Engineer: 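The structure that follows is given in the form of structure tokens.
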Amino acid sequence: MLAALRATLRGAGVDSPEADARLMLAAVLGCEAGGLILRAGEAVDPTATARLGAMTARRLQGEPVHRILGRRAFYAHDFAMSAETLEPRADTEALVELCRAPIEAVFAERGACLLADVGTGTGAIAVSLLALYPALRVVAVDLSPGALVTARGNAEAAGVAARFHAVASDYLSAVAAPLDLVVSNPPYIPSGDIAGLSREVRDFDPHLALDGGSDGLDAYRALADQALRVLRRPGHVVLEIGQGQASEVCEIFSRNGLVLAATKDDLAGITRALWFRREASSAEIHAPSGRPDADPAA
Ligand SMILES: C[S@@+](CC[C@H](N)C(=O)[O-])C[C@H]1O[C@@H](n2cnc3c(N)ncnc32)[C@H](O)[C@@H]1O
């Protein structure tokens with residue numbers, strides 16, 4: 001079955017026929033992809049064969065394999081996806097890594113940390129960080145209520161739901177609490193480029209998760225303005241960016257007094273994440289921002 005499926009996918013020009021065939025066959029047999037060889041002598045029941053046929057038809061229509069399976073591994077967990085969520089990408093693991101230094105700096109300084117993950121999607125960033133830091137609390141924001149339902153389910157599956165607060169909001173507009181850190185992988189594809197994306201992305205990722213406006217930078221402008229209202233001093237903003245957007249995004253944030261602290265490349269060597277710091281200013285420090293247990297939701 002594996003050989004036949006691989007040949008079908010290869011014949012149809014699928015990019016990764018070997019990996020996709022293993023993932024789909026393992027999913028219908030209910031085992032790990034690495035365990036298939038151990039089951040080579042077993043008969044496969046007709047229901048599994050029919051399910052595999054249906055999955056293969058979807059893959060041949062260009063649907064990405066993880067969307068067919070409904071889940072994808074990201075950082076240290078497996079994330080359920082839905083029609084309203086972007087498929088989490090390995091590039092975004094660089095963003096999670098870049099968040100670690102500012103989060104640890106905040107804990108060292110205040111003993112608590114409240115972070116907003118803006119455009120949480122599956123909750124991949126929020127849940128990964130909550131699992132890394134047992135005292136972290138996260139406000140997970142999305143404009144899509146369906147995405148928030150999926151993200152909450154992923155937080156429950158990872159055992160971090162008690163510290164995960166879902167908020168339906170247009171970026172940070174409904175978030176009132178003083179935040180230590182704003183993290184976001186926002187939509188950043190210029191609207192005019194969407195038609196030219198691969199069909200795996202264009203036809204299956206939600207456009208709300210992709211479309212960054214005419215120059216791809218709308219979300220960064222909104223976040224740079226809104227961060228001034230919700231971010232403590234000192235405070236931090238960590239962002240994923242598209243290829244080649246670093247200097248424009250730095251300019252947008254520096255206009256609002258946020259200073260570039262570090263960058264991180266993805267596995268392809270492309271600058272993928274930026275960390276900005278909002279410096280402390282004694283004139284602007286006020287009592288509520290010193291409370292570690294402020295209510296995170298608006
Ligand atoms: C590129 S996806 C990132 C998803 C997830 N954080 C990840 O990295 O896999 C962008 C997300 O932003 C959300 N979004 C788009 N516009 C928004 C807005 N105005 N306010 C809040 N969220 C928005 C989308 O629904 C989507 O979930």
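Index from 1, following the sequence. All of these numbers come straight from a predicted model, not from anything done at the bench. First listed ligand is number 1; within each ligand, the first listed atom is number 1.
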Engineer: For a quick check: using heavy atoms under 4.0 Å, what are the residues in contact with ligand 1, sorted by chain and number?
Structural biologist: L86, P88, T92, G119, T120, G121, I125, D142, L143, S169, D170, Y171, N185, P186, P187, L208, A209
Engineer: With a 4.0 Å cut-off on N to O distance, would you call E32 and R22 a salt bridge?
Structural biologist: no
Engineer: Scan for ring pair (Phe, Tyr, Trp, His ring centres under 6.0 Å) pairs involving residues 242-267, sequence neighbours excluded, and state none if there are none.
Structural biologist: F253-F276
Engineer: Can a side-chain donor-acceptor contact be found between S191 and D211 if the only test is distance below 3.5 angstrom?
Structural biologist: yes
Engineer: Enumerate donor-acceptor pairs with a distance under 3.5 Å from any side-chain N or O in residues 2-9 to protein atoms, sequence neighbours excluded.
Structural biologist:
residue : atom : partner : partner atom : Å
R6      : NE   : E18     : OE1          : 3.4
R6      : NH1  : E18     : OE1          : 2.8
T8      : OG1  : A4      : O            : 2.9

Engineer: Is the closest basic N to carboxylate O distance between E279 and R277 below 4.0 Å?
Structural biologist: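 Yes.
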Engineer: What residues, two or more places apart in sequence or in another chain, satisfy side chain to side chain donor-acceptor pair (under 3.5 Å) together with Q243?
Structural biologist: none
